[in-house]
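Heads up, the thing below is written out as structure tokens.
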Amino acid sequence: MFKTFKKRLTAVAVSAVMAAVSAVSVLPAMSANAVDTNNDDWLHAEGSRLYDSNGNEVWLTGANWFGFNCGENVPHYLWSADCDDVLSSIADHGINIIRFPISTELILSWMNRTPNEVSSFSCNNDPAFTINKDFVKEGTTNTPKNSMEIFDILMKKLKKYGLKCFVDIHSPDANNSGHNYNLWYGKETADGTMVTTDVWIDTLTWLADKYSNDDTILGYDLKNEPHGKGQEGSKAAKWDGSTDENNWAYAATKCANSILKVNPNALIFIEGVEQSLKSNSYTWGQPDSKTDPPYIPAWWGGNLRGVKDYPVTPDSGTSQIVYSPHDYGPGVYEQTWFQKDFTTQTLLDDYWYDTWAYVNDQDIAPLLMGEWGGFMDGDRNEKWLTLLRDYMIDNHINHTFWCLNTNSGDTGGLWTSLGFQQGSGTTIEWDADKYALLKPALWQTKTSGKFIGLDHATALGTNGTGISVSDYYADYAKSEGSNLNAGKGGSSVEPATKNPTETTNPQPSELKGDVTNDGKLDTADIILFTRYILNSETAKDKLEYISRGDMNGDKKLNVVDLSLLREAVSK
């Protein structure tokens, strides 16, 4: 069954890959100090990996910063910390992407041109606006701008530090505990508006359209942790082949289609559900049973078992789809798979592999672990954190750590405190032990330890520890590589820079499809052939063996051959 599914996925992905890549021109690198306005940093998927517009492999290694989802309608701590100081510190610590939780209610207020006001400044530490003065309305001294204005300012500030982000619909309503609600619809906003499935789709599409020409926001996490137990029936999120409103796969496909129509370059992050049926002999909504339980449990948002039979497949293909499970350790909840002396292998056997890891392992799609984190207890929870971290490094799984904030009750944060002193700026205390755990999983060069950003023109951070993705592939990829190479598929330098005339196999290969002349079929061949199809400037000096891409023997080189090449590589 898997081989059949994989071939079907490969075929539908080709047109989307072509559309996504061809929509972005390959531009020359800019100065590392310049703010990148080229709108050329969009990403797309090939198998289980993400690539930039130049065909270079990238790794999203980030963290969460919540607050837009809450009643304050703004990231927390901007009442006691300068925004530029915070972003500079985040980037200097090697985080290259931020996941911003947000509510549908807040985006709806923006779409309706009645942006919700922020409450955090007037009711907390900074009523006189001594800190973030650019968040003050013109002509006033202490009246904050509205939430949409502050969001837009924040997006501009991210550019200065080489940072990217994506937004996560954390809850339908603006609610500090909104993540507890099961579904993406069915809650009222403060003014009595019901958030329906249509409202959820319309608001996300509106935001995607607003930022369609700004690659600061690389994508959209459609719903945080859709969940609910099977016996709740229509009140719980399920994953199947139906068109029921609570079928997450169906709703996510509709939402993805709507977003990709206004921005075909956006990544679409799809989380899992909580439970799935053991087999078709059981029915969603039936009572649970201790003797014959019909449901397979998981973390909220963690269950991607449905992808095998019901993948989210937008009309344009799957090149923008990234699956995004959440996973936590025993410090958050004592799951059954922790009730032993667990190891990486027992976690894979008991939970990880069939629940989400197979998606990456079988090259179905990229994974981004949208939430993982917890307290450093010196015991089982810290052991779990280390095992998951190492598994994600070894298997090149993108991730965003939960979280930066100090005020997450069941995990704590990467920060321990933030304070502002007029004249000297913000003091940000990082949890040294927790950051030391995270740091090896941040994208960085192997020898010099330079953190690698996702922006082509602007280096990550300001203290010299970060570089841009263009810097990496121009100056570091050949000489030292990066920790991205720990995953399967070998060195990330291969697809981007290899010249087929400079291989360890000087004799011409007889292998059909081996356009790179390295004696094997792999992702490097797909990328080079894709560049040729798109008439990329970066492919012109690498075409000596491109005729081997004629997979069907019709003496034409086109997308049909690309599809056949992808199938050959996947076998």
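Worth saying up front: this structure is predicted, and the values here are computed from it rather than measured.
- In this structure, His179 has its ring center at least 6.0 angstrom away from the ring center of Trp402.
- Shown here are the side-chain hydrogen bond (donor to acceptor under 3.5 Å, both in side chains) partners of Asp85, two or more places apart in sequence or in another chain: Thr426.
- Residues forming a side-chain hydrogen bond (donor to acceptor under 3.5 Å, both in side chains) with Tyr181 (at least two apart in sequence, or on another chain): none.
- Applying the ring-ring contact (aromatic ring centres under 6.0 Å, His included) rule to His76 yields the partners Phe66, Trp79; only residues at least two apart in sequence or on another chain are considered.
- Side chain of Tyr435 to main chain of His93: a donor-acceptor pair is present (N/O by atom type, distance under 3.5 Å, no hydrogens or angles).
- Not counting sequence neighbours, Asp198 has no partner by the salt bridge (Lys or Arg N to Asp or Glu O under 4.0 Å) test.
- Below 30°, between 30° and 60°, or above 60°: for Phe68 and Phe151 the angle between ring planes is above 60°, a perpendicular geometry.
- Between the side chains of Ser482 and Trp59, no donor N or O sits under 3.5 Å from an acceptor N or O.
- Residues satisfying the salt bridge (Lys or Arg N to Asp or Glu O under 4.0 Å) test with Glu225, not counting sequence neighbours, are none.
- Here Tyr220 pairs with nothing under the ring-ring contact (aromatic ring centres under 6.0 Å, His included) rule; sequence neighbours left out.
- Shown here are the side-chain hydrogen bond (donor to acceptor under 3.5 Å, both in side chains) partners of Ser147, two or more places apart in sequence or in another chain: Trp110.
- Under the salt bridge (Lys or Arg N to Asp or Glu O under 4.0 Å) criterion, Asp152 pairs with Lys210, not counting sequence neighbours.
- Under the rule for a side-chain hydrogen bond (donor to acceptor under 3.5 Å, both in side chains), the partners of Asn247 that lie at least two apart in sequence or sit in another chain are Asp240.
- Residues meeting the side-chain contact (heavy atoms from CB on, under 4.5 Å) test with Ala298, sequence neighbours left out: Asn303, Tyr351, Thr355.
- Annotation: salt bridge (Lys or Arg N to Asp or Glu O under 4.0 Å) contacts of Lys157 (sequence neighbours excluded): Asp84, Asp134.
- Aromatic ring orientation, Trp65 versus Trp415: perpendicular (interplanar angle above 60°, classes split at 30° and 60°).
- Contacts classified as salt bridge (charged side-chain N to carboxylate O under 4.0 Å, His left out) and involving residues 96-106 (residues at least two apart or in different chains) are given here: Arg99-Asp168, Arg99-Asp221, Arg99-Glu271, Arg99-Glu371.
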